[in-house]
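What follows is a single structure, written as C-alpha cells, with notes after it.
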Amino acid sequence: MVTSNFIKNIITDDLETGKHNSIITRFPPEPNGYLHIGHAKSICLNFGLADEFEGKVNLRFDDTNPIKEDTEYVNAIKKDIEWLNFEWDELHFASNYFDIMYEKAQLLIKKGLAYVCELTPDEMREYRGTLTDAGKFSPYRERSVEENLDLLERMKQGEFEDGSKVLRAKIDMASSNMNMRDPIIYRISHNIHHNTGDKWCIYPMYDFAHPLEDAIENITHSLCSLEFEDHRPLYDWFVKECEMESTPRQIEFARLNMTNTVMSKRKLKELVDNDVVDGWDDPRMPTIAGFRRRGYTPTSIRNLCREIGVSKADSVIDSQMLDYFVREDLLPKAQLAMTILRPLKVVITNYPEGQVEYVEIENNPKDESAGTRKLPFSREIYIEREDFMEVPVKKYFRLFVGNEVRLKGAYFIKCNEVIHDENGEVAEIHCTYDPETKSGSGFTGRKVKATIHWLSAKEAQKAEFRLFEPLILDDVPENEGKHFLEQINPNSLEVIEGLIEAEATKNASPLDKFQFVRHGFFSVDTKYTTNDKLVFNRVVSLKSSFKI
RNA sequence: AGGGUUAUCGCCAAGUCGGUAAGGCACAGGAUUUUGAUUCCUGCAUUCCAAGGUUCGAGUCCUUGUAGCCCUGCCA
C-alpha cells in the first residue's frame with residue numbers, strides 16, 4: 001500500500017531539488033512526564049520518515065525548564081521509544097547547548113536585536129497589547145549594547161532574583177503575531193537542573209532554544225504540532241539572526257486525539273500525583289508505559305500510527321481503531337486460554353462422579369507451533385454466567401433449557417434443568433453430555449450454533465480480577481470535552497473473583513500472556529499477584545461481548 | 001478588516017499539471033468456522049463547508065461567505 005502525506009511530499013521535493021541530500025529529523029520530548037499515545041504518533045512519524053528516506057533521527061530532550069523536568073522521565077522516555085522498537089541515531093540534551101545558546105544571545109545583543117527588560121510579568125502583559133491592539137515599547141528597550149551585555153552576564157552570574165529581569169528579542173511590538181512582540185529569550189530561574197545541576201540560573205525559552213537546537217543538529221525537517229504554526233516566523237527569525245549555518249524547516253501537523261482518552265499531560269500528571277492511579281504505567285493510563293503493561297504490543301501501536309496518517313486537520317481517532325490493531329496483531333500469535341469471570345456451575349449429570357479426563361486444546365488455532373495444552377474435564381464445571389439464559393432472547397445461541405452447545409475442546413452438552421437458590425436466582429444448571437461428540441473425534445452427526453468456554457470446577461484456579469470501568473465525568477471542561485468523555489475514577493474499580501485455567505497460570509509470564517475471554521482479550525498484569533491467589537487487572541476488552 | 005490555520009463518507013484519510021471521488025476503522029448483508037471471534041465475499045460519498053463564477057469539464061482555479069481550531073506563560 002502506498003501511503004502518502006504532505007510531509008513526505010515536502011521531503012521528496014527537497015530531495016529532488018537538491019535542497020538536501022539526506023534528511024535528519026528529531027523527536028524532542030520535554031522530560032516532564034511519560035510519553036502517551038499521542039507522542040507515539042510523533043515518534044512513528046519522525047523515525048518512520050528517517051527510515052523511509054534513509055536519513056537520520058535524533059532523540060533530543062528539550063530540557064530547558066528545570067522546575068518541571070526530571071531524570072526519571074528521560075529514562076522512561078528512552079525505554080518507551082526502545083520498546084516501540086525504534087533506534088535513534090544520536091541522543092542529545094538541549095541543556096548541552098546552553099553555552100552556545102548563551103553566545104547566540106550575546107550575538108543578538110551585539111546586533112541590537114535583544115535587550116534586558118525589567119518589566120514585571122504584569123507590566124509585560126500590559127505592554128504586550130491585545131490580539132487587536134498593538135503593544136508598546138518597554139522603557140528598557142533602548143539600552144546600550146554594553147549595558148545589555150553586562151546585565152545579561154550578571155543575570156547569568158546569579159546577581160538577580162527569579163523574575164526580576166529577562167532578556168528579550170527586539171522585534172515588533174505591533175505585530176499581529178503575538179509571538180513577535182519582543183518575545184522573552186532568557187528568564188532567571190534558580191533551580192537545580194537534572195542535567196546541568198546549578199551551573200545555570202538563566203534558562204532559554206522554547207522559542208529561542210528550539211530553532212537553535214534544530215540548527216545545531218542539522219535537522220532538516222523539524223516536525224511539531226499545529227499550535228506552533230504561529231511560532232514559525234519567530235523560529236525562522238532566530239535561525240537567521242543567530243546566524244546559524246543550518247536552516248531547519250519547521251513543519252506542523254495535527255496531534256493525535258482519541259475518543260474516550262485523556263491526552264493532556266497535565267491531567268495525566270494530576271492523576272498520578274493525586275494517587276488516583278498507581279503511577280504513569282498504570283494499565284488505565286493512555287501512556288506508552290500503561291499500554292505496555294496492559295498488554296498492547298509495539299506493533300499494534302505502530303500500525304495504528306501508520307494507518308491514521310498525518311494531516312493538518314484537527315481530528316479525533318476512534319479508539320476502536322487501536323483495539324482493531326491490537327486484535328490484529330495478537331490473534332494470530334497470542335497464547336489463548338479460557339477464563340471465567342462470573343462463574344455459573346454446571347453439573348453434567350450423566351458424567352461419572354469422580355472421573356477426570358484431560359482434553360487437549362490448541363493454544364492458538366491459527367498457529368500450530370503454539371502447541372496444545374491439556375485441561376481437566378469433569379462432572380462439575382463452571383461456565384460464564386452470560387452463556388446461559390433462563391429465558392432466551394431471540395437469536396440467542398448459547399445455553400438455555402433444551403438447547404445444546406459445544407464446550408470448547410470438549411463435548412456437546414444439553415441443558416435440561418435449572419436449579420434456583422432460595423432467592424430465586426439461578427444457582428446451577430444440569431446438563432447431559434454426549435460422549436460421541438468429543439472434540440477431535442470427527443463427529444458430524446449434528447451441529448451446534450455456539451461454542452462456549454468452561455473450566456473444571458475442582459481444578460480451576462481462583463483469581464481476582466480488578467475491573468476498571470470508565471466513568472462519565474461531570475466536570476468536563478467545555479473546550480476539552482471530547483477528550484474527557486470517559487475518565488478514570490477509583491470508585492469504579494470492581495473486584496470480582498473469577499476462575500482461570502490451572503495450567504495457564506502456573507507458568508504465566510507477566511506481560512505477554514493473554515487470556516482469551518469470549519471475544520476479546522484481556523491482559524494479565526502480575527504486578528498484583530499475591531502468594532495464595534492470583535490477582536489480575538482486567539483492563540481491556542478488545543471486542544465487546546455478544547449483542548443480544 | 002487582529003493574525004494564523006483547517007474544512008472530502010459515522011471516525012481517520014488519499015486525491016500531482018483541472019478530466020469525471022483510493023484505502024483503513026465502524027456499520028450492514030451473505031459464506032465458511034470447535035471462540036456469535038478470525039477468514040472470506042458484498043454493500044456503504046451522482047458527491048467533496050456554502051453560494052456564485054471561469055471551463056467542453058472543478059474536490060482540485062477565481063470570488064464571496066460560513067464553521068471549527070490555535071495565538072495576549074518569565075511552559076513546551
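Order of the sequence lines fixes the chain letters, A, B, ..., with proteins taken first and strands second; residue numbering starts at 1 for each chain.
Looking at residues 117-130 of chain A, you'll see A:Leu119, A:Thr120, A:Pro121, A:Met124, A:Arg125, A:Arg128, A:Gly129, A:Thr130 sit with a heavy atom under 4.0 Å from some atom of RNA chain B.
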If you restrict it to nitrogen or oxygen atoms, what contacts under 3.5 Å exist between nucleotides 40-43 of chain B and the protein, and what is each distance?
none

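Between the C1' atoms of B:C27 and B:A45, the separation comes to 15 Å (whole Å). For the P atom pair drawn from B:G43 and B:G24, the interatomic distance equals 12 Å after rounding to whole Å. Comparing the P positions of B:A67 and B:C44 gives an interatomic distance of 34 Å, to the nearest angstrom. Annotation: B:C11 and B:G19 have their C1' atoms spaced 30 Å apart (nearest Å). Straight-line distance between the C1' atoms of B:C9 and B:U64: roughly 28 Å, to the nearest whole Å. Here, B:C49 and B:A7 have their P atoms 9 Å apart, quoted to the whole Å. When the P atom is compared between B:A51 and B:A14, the two are found 25 Å apart, to the nearest whole Å.
Remark: RNA chain B takes part in the stems B:2-7 with B:66-71, B:10-12 with B:23-25, B:27-31 with B:39-43, B:49-53 with B:61-65, each of 3 or more antiparallel Watson-Crick or G-U pairs, criterion distances under 3.5 Å.
The side chain of A:Met205 lies closest to B:A76, out of B:A76, B:A26, B:C12. Each of B:U38, B:A76, B:C11 was ranked by its minimum atom distance to the side chain of A:Arg327; first place goes to B:U38.
Judged by distance alone, with hydrogens and angles left aside, A:Lys312 brings no side-chain donor or acceptor close enough to the base of B:U6 to form a pair under 3.5 Å. A donor and an acceptor atom never sit less than 3.5 Å apart when one is taken from the side chain of A:Asn177 and the other from the base of B:G3.
Residues meeting the salt bridge (charged side-chain N to carboxylate O under 4.0 Å, His left out) test with A:Lys438, sequence neighbours left out: A:Glu357. Every salt bridge (charged side-chain N to carboxylate O under 4.0 Å, His left out) that A:Arg143 has, sequence neighbours left out, goes to A:Glu118, A:Glu147. By the side-chain hydrogen bond (donor to acceptor under 3.5 Å, both in side chains) test, A:Ser369 is found to be paired with A:Asp367, residues two or more places apart in sequence or in another chain being considered. For A:Glu229, the side-chain hydrogen bond (donor to acceptor under 3.5 Å, both in side chains) test picks out A:Lys312, with sequence neighbours left out. A:Pro29 meets the side chain to side chain contact (heavy atoms under 4.5 Å, CB included) test with A:Phe27, A:Leu35, A:Leu59, A:Phe61, A:Ile77; sequence neighbours excluded. For A:Asp318, the side-chain hydrogen bond (donor to acceptor under 3.5 Å, both in side chains) test picks out A:Gln320, with sequence neighbours left out. Residues satisfying the salt bridge (charged side-chain N to carboxylate O under 4.0 Å, His left out) test with A:Glu159, not counting sequence neighbours, are A:Arg154. The side-chain hydrogen bond (donor to acceptor under 3.5 Å, both in side chains) test applied to A:Tyr203 returns no partner, not counting sequence neighbours. In this view, A:Lys333 and A:Asp329 satisfy the salt bridge (charged side-chain N to carboxylate O under 4.0 Å, His left out) rule, not counting sequence neighbours.
Inspection of the A:Glu30 and A:Tyr73 side chains reveals no N or O donor paired with an N or O acceptor under 3.5 Å.
Within the nucleic acid shown, A:Ser439 comes within 4.0 Å of at least one base atom, counting heavy atoms only.
Rounded to whole Å, the distance from CZ on A:Phe325 to P on B:C11 is 18 Å. For A:Asp367 and B:U39, the CG to P distance is 16 Å, given to the nearest whole Å.
Taking the six-membered ring where the residue is Trp, A:Phe377 and A:Tyr411 present tilted rings, their angle falling between 30° and 60°.
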